[in-house]
S.K.: 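Handing you this structure, nothing more for now.
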Amino acid sequence: MTDDTKTNANDYRDTLFLPKTEFPMRGGLPKAEPKWIERWDEMRLYDRMREEAKARGAKPFILHDGPPYANGPIHLGTAMNKILKDLVVRGHQMLGYDASYIPGWDCHGLPIEWKVEEEFRSKGRGKDDVPGDEFRAACRAYAAKWIEVQKQGFRRCGVEGDWDNPYLTMNFESEAATVREFLSVAMSGRLVRGSKPIMWSPVERTALAEAEVEYHDRKVPVIWVKFPVQGEDFSVVIWTTTPWTIPANQAVSFNPDISYGLYEVETVMSEEELGFAPFAAPGDKYVLADALAEAVMDSAKVSGFKRVSDVDPKGWTLSHPLNELSDFYKHDVPMLAGDHVTDDAGTGFVHTAPAHGEDDFLVWIANGHTASDIRDIVNEDGVYEHPELPEALQGLDIIRTSGKKRGEQGKANQEVMRLLTEAGNLLSRGVTVIRDAHSWRSKAPVIRRATPQWFIAMDKPGTNGSAPLRDLALKALEDTGFVPPQLRNRITSMVADRPDWLISRQRNWGVPITLLVSPGGEPHTYALPEDKALEVNKRILDAIAAEGVEAWFSAEPAKFLDGIADPAGWEKVTDVLDVWFDSGTTHAFTLRDRGIIDEKTGQADVYLEGSDQHRGWFQSSLLENCATRSMAPYKQVVTHGFIVDSEGKKMSKSLGNTVEPQKVADQFGIEILRLWTASSDFTEDLRISDDILKTNAESYRRLRNTLRYLLGALDGYDEAEAVDAKDMPGLERWVLHRLAESDALIRKSYAAFDFKRVMSAMLNFCGVDLSAIYFDIRKDSLYCDAPSDLRRRSTRTVMALVLERLLVWLAPIMPFTTEEAFLISHIAGKADSVHLLTFPETPESWLDAAHAARWEKIFKVRRVVTGALEVERREKRIGASLEAAPEVYIQEKSLIEAFEGESPADIFITSGAELIDGAGTLAAYHLDDTPGVAVLPKKADGIKCARSWKYFDPKTADPAYPDITPRDAEAVREIREKS
RNA sequence: GGGCCGGUAGCUCAGGUGGUUAGAGCGCACGCCUGAUAAGCGUGAGGUCGAUGGUUCAACUCCAUCUCGGCCCA
């Protein structure tokens, strides 16, 4: 009980309304976040969101998840990717959609197979000792292990989704659906079998796709080789960095646009000068590109030579340089014209081994030869193997495939060079460094090797008369929306230029290519009449549905052909599908088979991935759905950049500039990472560093404190207290205007995936409009006015409306903190979780541009006043602004009128203020950018109110409360009467 | 080497179709408050808009070249 007779200042403290809340100033995020996730689990939040959205008839919004590869823990890039998706999904949920999200994983493929092989090897079992089914089971277990790890990591990031029912490309239903989709492509007639030189890794004994190789510098031999021109006394000279391909040579290419000359060697450098004997001899005659003749002669240690005549290589026939050594090389070597030949390096002639080079293959075919003419002398281990090959070459390896020197060059190159020397056709040799393809797993060099493979043709029309896949895909891209828009170019040009899609892999861990090849070498989908082929397909699908893909691997062709065709001579394809085909099919088994979108015509609203996926998932999904349904599987493609350090350099373990998500979670809390994700421009590269994270922690503090202040100010708030907007003071109506303005901006920004705009709008709104202006001004009313006072009730009403909106506007970005605040807020009763709410209606009537313009004028004057008070402070004449009662001289009429009905002292947070129409004295304070306003800062007269700390004239005091202002006396009366 | 994209204050971002002293928030410096207190408020200092050249009366905004960085490819 207080003693009324005392006038001690502290006495009024308990008559003040000070902010009171359990919401701590500091979030303690690292510890709190996992608890919130548990809570959401327990309440089945994701299911509740679906149920409630459906109950209110919400339109679906589908972001289809691109699957990460299940072979390691998550890193910052994958975390950011998932958080971004979560922002999109949560944002649209808040906008009122039924925004479901099914996360997925990519499970098949080489990297996992490689790891599992390693595991077997460490137990002393080589790849040929492990049965296929056991091997695949081990791969399955390996993927499952990492899926669990990654799932926990993503969940820790606050990503909401159907974590109990994710899609996995290795699920039996997914595998069955992938087979179904593949057979559908096969039936469309776009499938072709070809023998093409493709990238082949001898170490892994597999074909590799572009996405599976990386380019590194490598030291390689370089040789200049003479090909004798038949019927002449001179040779054409070629240059190559792959001596091992010489035994497979079948032609030499030239370019008709290059000028060639016949050159004769006159003198060569001596053995004494060189330390070895040059291969060239005086009198030798070579044909060379004129632009390169000197360089070639240099390499050949020729010290003097002359140009004999112009020549035209067209129509010549050459002999193989090993012609003398074996019957295998007695064949003619034709000259082929090709524009891949240039005269800026080499000799102007290109040795052509169609089995071992893309260009070689193309020029070979273009000159009327066929794929069956191609000499294939290298087996899957990268070893020479051919019955007619000279004994010296049999069994030599190109790349070492095992042991310590794995990946280094094998014996083939040396032996070829030796044989060329023996044959007298090696002109020169050396060593150079080239950038060449290496397997991304083993890091060993890859070779190009012709192998029978399956392709999806880009330019072949479908059997049902549909357009070629390339045309369908390009058309589909035109119909697709792109964020950012300029990236449409990128995927379009990639699709326009890409070669046929190589989909076969000679591996174990994958979805089988379920084709039966007829005795005539055709897949059953073409070899059989359509109805019979469909019957076979049905048997295949039924078997896989019943027993999984093992049903294919273990079956004999008869199982599928009996009664339809004579199984004799038919072969089962044992290759598996490229993993990109699997992932390109995710829309089918995740969205279509689950009934989320229409089987035939449905599209996901958004695919969102990093820019690398223009070549990857965006494209594989596009091609797959165009081949099967003639349209893109998505309406919009959203692309994000990559994470780089504070200098803009990419992250790498060797540079030591990586940031681990777990470390961020432990040190700052994942919400800080979410704040960072939201405030960055994700369409470009995203910079991160410790300092950048600290900056975001500061932003978090500001947002959290704003929520905290609102919660404190609204302690005990009741709807009954609420005041109608039209009855509120001008300042409150200005806040409502800002609220309505923000509402439009926030909705628009979330809809456009522009989270950084949400962030900057929120930070500005909280930091400036609320904290620096509104809260600061209304502190006095909030703390000191009587509970029944209209101004105070208006303040609390507005604060309640502000809090209600801030919580949901921020919820997608800060799901933890907003939930924490929501549950102790005045609207906690509205739902069990803030995430079950949507953005509330914000009356357009709150928008009042004229009113806002008026308040801009008031704030303009306010800035001059605060400036003037700052000078007083510096001069030590005042401390708190309440010690002042300025005279404000205003010449511009509209500025004075803006204050009509308002209390300038309240707005300036001074004990008094007088607005005077006039110029003021020269001594008055003014700002250059606000002419016509001058402030004479006067000290407030009177005594300091013991309650509100405002200075006032004691003569005006209520006799019962002489030490406080009449306003405070009234408030104290009301409070004490009630208690 | 090729294709696409980007380079605005210390940091994160704004800056329709070229046009007055290039903005915000944060950070920083200084000061105030001590009834949002490991908070709050105020004032201030920071950028010739990656570089160079050009078009124009006028360019951060258009063009060219270069440079740095990213993704993809060779």
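Values reported hereafter were calculated over all heavy atoms of this structure, with side chains retained and with hydrogens, waters and symmetry mates removed.
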S.K.: Could you tell me how far G35(B) sits from G46(B) if I compare only their P atoms? Round to whole Å.
M.R.: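 These two P atoms come out 36 Å apart once rounded.
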S.K.: Can you tell me how far P in U37(B) sits from the matching atom in U61(B), rounded to whole Å?
M.R.: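 That atom pair is separated by 49 Å.
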S.K.: Table please: side-chain donor-acceptor pairs of residues 672-680 of chain A below 3.5 Å, with sequence neighbours left out.
M.R.:
from      : atom 1 : to        : atom 2 : distance (Å)
Arg674(A) : NE     : Ile813(A) : O      : 3.0
Arg674(A) : NH1    : Asp86(A)  : OD2    : 3.0
Arg674(A) : NH1    : Cys157(A) : O      : 2.8
Arg674(A) : NH1    : Gly158(A) : O      : 3.3
Arg674(A) : NH2    : Asp86(A)  : OD2    : 2.7
Arg674(A) : NH2    : Pro812(A) : O      : 2.8
Trp676(A) : NE1    : Arg687(A) : O      : 2.9
Thr677(A) : OG1    : Leu673(A) : O      : 2.7
Ser679(A) : OG     : Leu675(A) : O      : 2.9
Ser679(A) : OG     : Trp676(A) : O      : 3.3
Ser679(A) : OG     : Asn696(A) : OD1    : 3.2
Ser680(A) : OG     : Trp676(A) : O      : 2.8

S.K.: Is any side-chain N or O of Lys779(A) closer than 4.0 Å to OP1 or OP2 of A36(B)?
M.R.: yes
S.K.: Under 4.0 Å between a side-chain N or O of Lys876(A) and OP1 or OP2 of C32(B)?
M.R.: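 For C32(B), OP1 or OP2 has a side-chain N or O of Lys876(A) closer than 4.0 Å.
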S.K.: Does Ser699(A) have a side-chain nitrogen or oxygen under 4.0 Å from the phosphate oxygens OP1 or OP2 of U12(B)?
M.R.: no
S.K.: Give the rounded distance in Å between these two atoms: CG of Leu745(A) and C1' of A24(B).
M.R.: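 Atom CG in Leu745(A) sits about 13 Å away from atom C1' in A24(B).
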S.K.: Keeping Arg470(A) on the side-chain end and Val495(A) on the backbone end, is there a donor-acceptor pair under 3.5 Å?
M.R.: yes
S.K.: C1' atom, A58(B) versus G50(B): distance in rounded Å?
M.R.: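 My reading of the C1' atoms in A58(B) and G50(B) gives 23 Å.
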S.K.: CD1 of Ile909(A) versus P of C41(B): gap in Å, rounded?
M.R.: 10 Å
S.K.: Side chain of Thr817(A), backbone of Met814(A): donor and acceptor closer than 3.5 Å?
M.R.: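 Judged by distance alone, no pair lies under 3.5 Å.
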S.K.: Should the side chain of Ser771(A) and the base of A36(B) be counted as holding a donor-acceptor pair, with the cut-off at 3.5 Å?
M.R.: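 Yes, a donor-acceptor pair under 3.5 Å.
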S.K.: Within less than 4.0 Å of OP1 or OP2 of G40(B), is there a side-chain N or O belonging to Arg701(A)?
M.R.: yes
S.K.: With a 3.5 angstrom cut-off on both distances, give the Watson-Crick or G-U wobble partner of C28(B), or none if there isn't one.
M.R.: G44(B)
S.K.: For the side chain of Asp645(A) and the backbone of Lys649(A), is there at least one donor-acceptor N/O pair under 3.5 Å apart?
M.R.: yes
S.K.: Between C41(B) and C13(B), how many Å separate the two C1' atoms, rounded to a whole number?
M.R.: 25 Å
S.K.: I'd like to know if Arg704(A) and Glu820(A) make a salt bridge, using a cut-off of under 4.0 Å between side-chain N and carboxylate O.
M.R.: yes
S.K.: What's the closest nucleotide to the side chain of Asn764(A) if the choices are G3(B), A24(B), G42(B)?
M.R.: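 Comparing G3(B), A24(B), G42(B) against the side chain of Asn764(A), the answer is A24(B).
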S.K.: Could you identify the nucleotide paired to U56(B), looking across every strand shown and requiring Watson-Crick or G-U wobble geometry with both distances under 3.5 Å?
M.R.: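 The base-pairing partner of U56(B), which may sit in any strand shown, does not exist here.
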S.K.: Whole-Å distance between C73(B) P and Asn489(A) CG?
M.R.: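 Taking CG of Asn489(A) and P of C73(B), I get 18 Å after rounding.
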S.K.: Considering just the side-chain nitrogens and oxygens of Gln619(A), establish if one lies under 4.0 Å of OP1 or OP2 belonging to C72(B).
M.R.: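 For Gln619(A), the contact criterion (side-chain N or O under 4.0 Å from OP1 or OP2 of C72(B)) is not met.
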S.K.: Taking any heavy-atom pair under 4.0 Å as a contact, classify Gly641(A): base, sugar-phosphate, or nothing.
M.R.: nothing
S.K.: Which nucleotide, if any, forms a Watson-Crick or G-U wobble pair with U34(B), using both distances under 3.5 Å?
M.R.: none
S.K.: Ignoring hydrogens and geometry beyond distance, is the side chain of Arg490(A) in donor-acceptor contact with the base of C71(B) at under 3.5 Å?
M.R.: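 Check passes, donor-acceptor contact within cut-off.
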S.K.: Work out how far the P atom of U48(B) is from that of A29(B), and round it to whole angstrom.
M.R.: 22 Å
S.K.: Under a 3.5 Å cut-off for both contacts, is G1(B) paired Watson-Crick or G-U wobble with anything, and if yes, with which nucleotide?
M.R.: C73(B)
S.K.: Please report, rounded to the nearest Å, how far the C1' atom of A38(B) is from the CZ atom of Arg26(A).
M.R.: 6 Å
S.K.: Please measure how far the C1' atom in C66(B) lies from the corresponding atom in G6(B), and state the result in whole Å.
M.R.: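 It works out to 16 Å between them.
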S.K.: Among U37(B), G42(B), C26(B), which is the nearest nucleotide to the side chain of Ala772(A)?
M.R.: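 Nearest to the side chain of Ala772(A) among the choices is G42(B).
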S.K.: Paired with A51(B): which nucleotide, if any, by Watson-Crick or G-U wobble criteria at under 3.5 Å for both distances?
M.R.: U65(B)
S.K.: Base, sugar-phosphate or nothing for Glu684(A)? Non-hydrogen atoms, less than 4.0 Å.
M.R.: sugar-phosphate
S.K.: Would you find more than 12 non-hydrogen atoms of other residues, nucleotides or ligands less than 6.0 Å from Lys650(A) atom NZ?
M.R.: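 At most 12 heavy atoms, drawn from other residues, nucleotides or ligands, come within 6.0 Å of this atom.
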S.K.: Would you indicate, yes or no, if A14(B) has its OP1 or OP2 atom less than 4.0 angstrom from a side-chain nitrogen or oxygen of Lys756(A)?
M.R.: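 Yes.
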S.K.: Round to the nearest Å and state the distance from Asp769(A) atom CG to G40(B) atom C1'.
M.R.: 16 Å
S.K.: Without decimals, in angstroms, what is the distance between Leu675(A) CG and G27(B) P?
M.R.: 14 Å
S.K.: Roughly how far apart, to the nearest Å, are G10(B) and U55(B) at atom P?
M.R.: 32 Å
S.K.: Starting at atom CG of Asp497(A), determine the distance to atom C1' of C4(B), rounded to an integer number of angstrom.
M.R.: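 Atom-to-atom, Asp497(A) to C4(B), this comes out as 12 Å.
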S.K.: Base, sugar-phosphate, or nothing for Arg708(A), non-hydrogen atoms under 4.0 angstrom?
M.R.: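 Sugar-phosphate contact only - Arg708(A) comes under 4.0 Å of backbone atoms but never of a base.
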S.K.: Taking the six-membered ring for Trp, are Trp617(A) and Tyr607(A) parallel (under 30°), tilted (30 to 60°) or perpendicular (over 60°)?
M.R.: parallel
S.K.: For Arg863(A) and Asp681(A), find the nucleotide of RNA chain B closest to each by heavy atoms; which residue's nucleotide sits nearer the 5' end?
M.R.: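 Result of the comparison: Asp681(A).
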S.K.: Looking only at side-chain atoms of Met494(A), point me to the closest of C72(B), U34(B), G70(B).
M.R.: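 Between C72(B), U34(B), G70(B), the one nearest the side chain of Met494(A) would be C72(B).
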S.K.: If I take atom CZ in residue Arg702(A) and atom P in nucleotide C11(B), what distance separates them, rounded to the nearest angstrom?
M.R.: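 So the two atoms are 22 Å apart, to the nearest Å.
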S.K.: When syn is taken as a glycosidic angle within 90 degrees of 0, is G46(B) syn or anti?
M.R.: syn
S.K.: Does Ser911(A) reach the main-chain N or O of Ala940(A) with its side chain, forming a donor-acceptor pair under 3.5 Å?
M.R.: no
S.K.: Tell me which of Tyr783(A) and Lys650(A) sits closer to the 5' end of RNA chain B, going by the nucleotide each one is nearest to.
M.R.: Tyr783(A)
S.K.: Quantified in whole Å, what is the C1' atom distance between nucleotide A22(B) and nucleotide C5(B)?
M.R.: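 A22(B) and C5(B) have their C1' atoms separated by 25 Å.
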S.K.: Looking across every strand, which nucleic acid part, if any, lies under 4.0 Å from Ile692(A) by heavy atom: base, sugar-phosphate, or nothing?
M.R.: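 Sugar-phosphate only.
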S.K.: Within the structure shown, what part of the strands sits under 4.0 Å from Tyr709(A) by heavy-atom distance: base, sugar-phosphate, or nothing?
M.R.: base
S.K.: For Gly879(A), report the nucleic acid contact type (base, sugar-phosphate, nothing); a contact means any heavy atom under 4.0 Å.
M.R.: sugar-phosphate
S.K.: Tell me the closest heavy-atom pair linking Phe23(A) and Leu707(A), and the distance in Å.
M.R.: CE2-CB, 4.3 Å
